[in-house]
**Q** 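Would you mind keeping the following structure in view while I ask a few things?
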Amino acid sequence: MKADTVQARCDVYPKGEDQVSSSGLCTFSQRQGVVGIQLQNGKRYDLTPVGDEPGNYIDQDGQAAYRQEGLGDQGQIYRLAQESIYVYWDTAPY
């Protein structure tokens with residue numbers, strides 16, 4: 001089965017900051033619950049579901065991460081140990 005991959009816009013915020021550290025097109029993929037986020041700068045995040053609660057993950061470094069509500073149908077928010085990634089389905093303005 002092919003992974004579900006879409007072009008998106010990703011805004012990355014360092015933990016506890018409200019200034020974006022990077023913003024641009026990204027690729028979002030989801031396959032069997034595993035989430036992949038590939039940024040334009042080459043940085044990649046791989047989030048593997050953990051436990052029974054939907055939205056709980058561990059990242060590629062074994063750190064806890066979770067998906068948060070807040071963007072409705074416009075996108076998803078992922079909270080990681082060191083940063084937050086806002087994934088928007090609308091790629092504007094890029």
Side-chain angles (χ1 to χ4, degrees):
M1 182 174 148
K2 189 171 173 296
D4 186 17
T5 302
V6 295
Q7 191 80 358
R9 185 182 103 225
C10 288
D11 293 347
V12 180
Y13 294 85
K15 187 176 181 75
E17 303 276 326
D18 55 11
Q19 288 287 81
V20 67
S21 65
S22 76
S23 180
L25 291 175
C26 60
T27 306
F28 177 88
S29 63
Q30 195 161 6
R31 181 167 181 243
Q32 295 173 334
V34 177
V35 170
I37 300 170
Q38 175 83 45
L39 302 183
Q40 258 184 329
N41 64 12
K43 188 153 188 191
R44 181 173 173 85
Y45 303 89
D46 290 295
L47 307 179
T48 305
V50 62
D52 297 328
E53 288 291 311
N56 288 337
Y57 300 90
I58 53 169
D59 69 11
Q60 65 279 358
D61 301 321
Q63 302 273 337
Y66 61 96
R67 186 179 63 230
Q68 186 182 32
E69 302 297 315
L71 298 179
D73 57 7
Q74 294 180 19
Q76 296 178 344
I77 303 169
Y78 290 88
R79 301 281 185 197
L80 285 71
Q82 301 300 325
E83 54 214 340
S84 296
I85 305 173
Y86 285 64
V87 181
Y88 296 96
W89 308 133
D90 183 358
T91 55
Y94 297 102

**Q** Once rounded to the nearest 0.5 Å, what's the spacing between atom OG of Ser22 and atom CG of Asp11?
**A** 7.5 Å
**Q** Treat each ILVMFWY residue as a node, draw an edge where side-chain heavy atoms are under 4.5 Å apart, and state whether Leu47 and Leu39 are in one component.
**A** yes
**Q** Is any side-chain heavy atom of Trp89 closer than 4.5 Å to a side-chain heavy atom of Asp73?
**A** no
**Q** Looking only at heavy atoms, what is the nearest atom pair of Ala81 and Lys15, with distance?
**A** O-CD, 3.0 Å
**Q** Going from SG on Cys10 to CD on Gln76, what distance comes out if it is rounded to the nearest 0.5 angstrom?
**A** 10.5 Å
**Q** I'd like to know whether CD of Gln82 has more than 12 heavy-atom contacts from other residues, nucleotides or ligands below 6.0 angstrom.
**A** no
**Q** Does the side chain of Pro93 come within less than 4.5 Å of Arg9's, by heavy atoms?
**A** yes
**Q** Over all heavy atoms of both residues, which pair between Gly33 and Pro49 is shortest? Give the atoms and the distance, please.
**A** O-CG, 3.2 Å
**Q** Looking at every heavy atom in both Val12 and Val20, which two are closest together, and how far apart are they?
**A** O-CG2, 3.2 Å
**Q** Find out whether Gln63 and Ile58 are in side-chain contact, i.e. whether some heavy atom of one side chain is under 4.5 Å from a heavy atom of the other.
**A** no
**Q** For Phe28 and Tyr78, take the angle between the two ring planes, folded into 0 to 90°, and tell me which bin it lands in: parallel under 30, tilted 30 to 60, perpendicular over 60.
**A** tilted
**Q** Please give me the minimum heavy-atom distance between Val87 and Ala8, naming the atom from each residue.
**A** CG1-CB, 3.8 Å
**Q** Might you point out which heavy atoms bring Tyr13 and Asp18 nearest each other, and give the distance in Å?
**A** CE2-O, 3.5 Å
**Q** Ignoring hydrogens and angles, state whether a donor on the side chain of Arg79 or Gln68 is under 3.5 Å from an acceptor on the partner side chain.
**A** yes
**Q** Supply the atom-to-atom distance Leu80 CG to Tyr66 OH, rounded to the nearest 0.5 angstrom.
**A** 10.0 Å
**Q** Find the distance between CD (Gln32) and CG (Asp4) and round it off to the nearest 0.5 Å.
**A** 12.5 Å
**Q** Quick check: does any side chain N or O of Gln30 sit under 3.5 Å from a backbone N or O of Val34, one acting as donor and the other as acceptor?
**A** no
**Q** Answer yes if Ile37 and Val50 sit in the same cluster of Ile, Leu, Val, Met, Phe, Trp and Tyr residues linked by side chain heavy atoms under 4.5 Å apart, and no otherwise.
**A** no
**Q** Can a donor-acceptor pair be found, under 3.5 Å and without considering hydrogens, that links the side chain of Gln60 to the backbone of Asp46?
**A** yes
**Q** Which heavy atom of Ile77 sits nearest to which heavy atom of Gly70, and what is that distance?
**A** CD1-CA, 4.3 Å
